[in-house]
Amino acid sequence: MAVIESWGHYPPVFGSKWQYFKGSIPKEHSVLPFGLGRSYGDVCLNTRGTHLVTSTLDSILNLDVENGFLTVQAGVSIKRILSFLSRRNLFLPVVPGTQYVTVGGAIANDIHGKSHHREGSFGNNVSEITLLRSNGEIHNLTNKDGLFRATVGGLGLTGLILSAKLRVIKIPGKTIQQKITNVYGLNEITQGLIEESAAWPYTVAWLDFSRDTIRGILISGAFSDRNSRDPNIKIKFPFQIKIVNKWTINALNLFYYWVKRMRTGNSFIHYQNFFFPLDSIQGWNNAYGKWGLMQWQAVFPKEPKIIECVYKLIREFNEVPSLVVLKDFGDITPNGLLSFPKKGFTLAIDFAVNLNTIRLVDRLNEFIADVGGRIYLAKDSRLKTKTFSKMFNMLDEFIKYKDPYFESDLWRRLVN
Amino acid sequence: MKNIVCFGANSDIGKALLKILAEFEASNFFLLSREITQLNSLASELKLIGAKNVEVYEFDALKTDEALKNLGKIDRVDYLLICHGYLPKYKFFSEEELELVFRINCLSVIKIIEYFIPIFKNQKGGKIVVITSVAGDRGRKKLGYYSAAKAGVDAYLSALRQEMSDYRELQILTVKPGFVKTKMTEGLNGPFPASPEDVAEDILKAMIKNKNILYTPWFWRFIMAFIKIIPESVFKRLNF
Ligand SMILES: Cc1cc2nc3c(=O)[nH]c(=O)nc-3n(C[C@H](O)[C@H](O)[C@H](O)COP(=O)(O)OP(=O)(O)OC[C@H]3O[C@@H](n4cnc5c(N)ncnc54)[C@H](O)[C@@H]3O)c2cc1C
Ligand SMILES: NC(=O)c1ccc[n+]([C@@H]2O[C@H](COP(=O)([O-])OP(=O)(O)OC[C@H]3O[C@@H](n4cnc5c(N)ncnc54)[C@H](OP(=O)(O)O)[C@@H]3O)[C@@H](O)[C@H]2O)c1
């Protein structure tokens, strides 16, 4: 087991206490469940108390092919589930951008994927949750329960999820038919994304913010019945050495753009390469050095003008983001009281941490609050109490369900 | 969220550092100085910038025990910053001044650190940041007491670093500024003057990179390396 850190290495932590979860909630400190630490900010940190590492909850419990349900313990990773399911021509309706996420973490942040316009978020596809509270009670919850709605997107603060029953979908094979389109300028990008989403189950847009006019690549996909072997090329980046800077970012953007451009049109690709391209470099977050990285992710009304403003603010601060991704959120309302998704566009932008990008993100957060948008707490470490309560209007309802022994640094920052 | 305790919070370098830390991460601040009114206005500024909570306490380095008692137990101390200091005005051969310089610049600093050591041990990590000076690298005339007191702290910190080497996540940072334009150096003309803000930014970087010794601005490292190798027989005749 590695040290307790968030994926972005920001805020910096040291000396964090942790223990394996062994069936009960210890009461001498405040506690927070810890999955695989793939959250970028302080949502997965509890530096004043202890972390309960859930890798002990590692069993796949039941597969009900007929009705399409899989029951697993909360520490099982998406990677394991997908390799288990895909062999049986089954899949999860919602998967994030990395497979190294636990089911507990996926529920607690109510994560979303490239399928949001069709399937909603992870919590929309969970039918039952077994939750352990600090008083020892075990609750079997369905989506009619208030505690279920608090636990989905509940940031690990309503208790420890022991297991969950997940909906599964049928797929024809492990290969994705992929369509790549070049788009130029914001109107073409947003229009294109909306059109692709109407036609394809999986869509995403990659944007290049390093030039005077934004250009982009639309990537759409659907499972096909072709088969291909599991990829196993793995590069490791084991040391924290900063190689991400303006030069390398520009080079990377250019490289990515041309590689994708050359593949314009239709092609076939293994699902791992389609959904989890970043997983092929282990520890890529180390390339941001000791300062770490921030991912800023917001959802806002579907107006290209808002993206334009974000882009202009970034330019004003003289920054070039290392990654910009745009997704289309559909109409499906999430199940959680503090869930992130709502109808609109969601923009995710990576920055190397420094004082300038910190100031920039603070400005972006205020801007998003003003246009009625919302910040994704799984990625956040900069939001302030006031903007937070403006963005999440079910907060008071949520607080009723919070477990008094469960705390996180994010909660201390935003609420206490 | 960090708990940050700062002694000498009203020093110009300390203030700049606190502001940068408040911006870097929402934290709780415990500020100590002789000037409570000044601290109160600093407290409201820090809150505006992003501090979660700020408490102020009185602290006179000549009564360090008293200040530590007032401060009481803090459950967790992530960063301990020691920024107070006293530069006598061209006095040498004065017993009174000798006492003052050593008690403020050296004895109180070591006392404060030792008060917090059990807390750092218990939490198995943290950062201790102490501002000493390039003056501690080699004594110079008119600065004899000051140099000696600062050199004393430097030596203590390097001993402490060995003492605590089992605590891999404990950083002990010695900050050696060159000439900085602050209240302390008002009216003096030093070489290559830096601003407290520049120094503060360097300190933050060194904290993130877990450094042991920081010369700030960076070129002082080379200036002092050069000054240190000058043979004493030559050095004693130099006039700077
Ligand atoms: C490369 C990359 C790509 C990503 N792509 C996406 C994406 O496309 N869409 C998206 O939505 N997110 C994405 N994420 C974010 C990631 O999916 C979430 O942060 C996820 O919650 C991480 O899960 P984890 O198991 O690592 O949980 P951790 O980060 O360890 O914890 C996250 C939260 O879950 C809680 N938790 C964990 N286990 C339990 C449990 N058993 N019971 C109760 N609470 C629990 C924790 O207390 C914490 O609050 C991405 C992250 C990375 C690094
Ligand atoms: N400026 C430079 O060129 C330079 C160079 C190298 C090192 N340094 C070191 O940097 C540190 C910060 O100094 P600065 O340059 O920022 O100067 P400064 O603004 O004058 O700060 C010095 C602080 O020391 C405090 N102090 C003095 N006597 C004290 C006492 N008896 N009890 C408690 N506090 C006392 C004062 O605090 P209150 O009056 O508010 O209580 C004052 O705010 C000092 O350690 C200094 O030695 C400075």
Side-chain angles (χ1 to χ4, degrees), chain A residues 3-6 8-18 28-30 41-43 45-50 240-242 288-294 352-363 365-366 380-388 407-416, chain B residues 1-4 16-28 46-53 74-80 116-129 164 166-173 197-211:
Chain A
V3 282
I4 300 289
E5 265 182 331
S6 66
H9 295 145
Y10 170 81
V13 293
F14 40 80
S16 294
K17 294 192 178 65
W18 63 272
E28 57 273 24
H29 300 286
S30 67
D42 54 3
V43 67
L45 300 175
N46 179 29
T47 49
R48 299 294 170 79
T50 190
Q240 280 189 4
I241 299 171
K242 187 169 158 73
Y288 288 80
K290 290 242 161 64
W291 284 80
L293 79 150
M294 282 186 287
V353 175
N354 57 48
L355 286 169
N356 194 43
T357 49
I358 281 175
R359 286 168 195 150
L360 167 59
V361 165
D362 288 354
R363 277 283 291 284
N365 284 349
E366 276 165 28
D380 171 63
S381 25
R382 296 298 308 173
L383 217 53
K384 309 260 185 321
T385 308
K386 228 167 75 205
T387 23
F388 167 66
E407 292 285 342
S408 67
D409 285 9
L410 175 134
W411 192 252
R412 284 185 196 98
R413 169 165 60 89
L414 293 175
V415 182
N416 278 339
Chain B
M1 175 177 302
K2 308 287 186 283
N3 278 355
I4 301 175
L17 177 59
L18 289 163
K19 286 180 202 172
I20 234 171
L21 288 173
E23 202 171 15
F24 184 69
E25 189 185 345
S27 303
N28 300 321
L46 291 181
K47 275 193 197 147
L48 199 71
I49 297 174
K52 195 67 194 158
N53 209 346
I74 300 175
D75 61 329
R76 189 179 163 95
V77 177
D78 295 281
Y79 305 157
L80 170 64
F116 285 98
I117 285 294
I119 300 179
F120 284 115
K121 279 187 172 167
N122 181 40
Q123 68 198 25
K124 296 202 164 53
K127 294 182 190 295
I128 301 174
V129 179
M164 303 290 288
D166 285 348
Y167 295 86
R168 302 287 298 274
E169 293 184 85
L170 175 67
Q171 178 193 13
I172 300 169
L173 175 64
E197 287 73 28
D198 294 341
V199 169
E201 215 172 307
D202 275 358
I203 297 176
L204 174 64
K205 284 180 190 157
M207 288 171 74
I208 287 168
K209 293 191 174 156
N210 274 318
K211 286 202 174 158

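In what follows, every chain begins at residue 1, and chains take the letters A, B, ... in the order their sequences are listed. A quick note: this is a predicted structure, and the numbers were derived from the prediction, not measured.
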**Report entry** Shortest non-hydrogen contact from B/Lys209 toward A/Lys290
**Finding:** CA-CD, 4.2 Å

Query raised in the report: Taking all atoms of both residues into account, what is the closest heavy-atom pair of A/Pro12 and B/Tyr79, and its distance?
Result: CG-OH, 4.1 Å

Query raised in the report: Should the pair B/Phe24 and A/Tyr10 be assigned to parallel (<30°), tilted (30 to 60°) or perpendicular (>60°) ring geometry?
Result: perpendicular

Requested in this report: Working to the nearest 0.5 Å, report the span between CZ of A/Phe14 and CG of B/Asp78.
Outcome: 4.5 Å

Query raised in the report: Out of curiosity, A/Arg413 CZ to B/Met1 CE, how far, rounded to the nearest 0.5 Å?
Result: 8.0 Å

Region of [X] that comes under 4.5 Å of a non-hydrogen atom in chain A:
X: B/Asn53; answer: neither
X: B/Glu201; answer: side chain
X: B/Glu25; answer: both
X: B/Lys52; answer: side chain

Query raised in the report: With a 3.5 Å cut-off and no angle check, do the side chains of A/Arg412 and B/Asn28 form a donor-acceptor pair?
Result: no

Report summary line: Applying a strict 4.5 Å limit to non-hydrogen atoms, the region of A/Thr385 in contact with chain B is side chain

Query raised in the report: Just wondering, are more than 12 heavy atoms of other shown residues or ligands nearer than 6.0 Å to CZ in A/Arg363?
Result: no

Query raised in the report: A/Lys17, A/Arg48, A/Gln240: which one forms the most heavy-atom pairs within less than 4.5 Å of chain B?
Result: A/Arg48

Report task. Return the option, out of A/Asp42, A/Ile358, A/Asn354, with the maximum number of heavy-atom pairs under 4.5 Å with chain B. Result -> A/Ile358

Query raised in the report: What option among B/Lys205, B/Arg168, B/Met207 has the most heavy-atom pairs under 4.5 Å with chain A?
Result: B/Lys205

Report task. Pick whichever of B/Lys2, B/Lys124, B/Glu23 has the most heavy-atom pairs under 4.5 Å with chain A. Result -> B/Glu23

Query - Pairwise side-chain contact, A/Leu355 with B/Leu204, heavy-atom cut-off 4.5 Å (strictly under) - result: yes

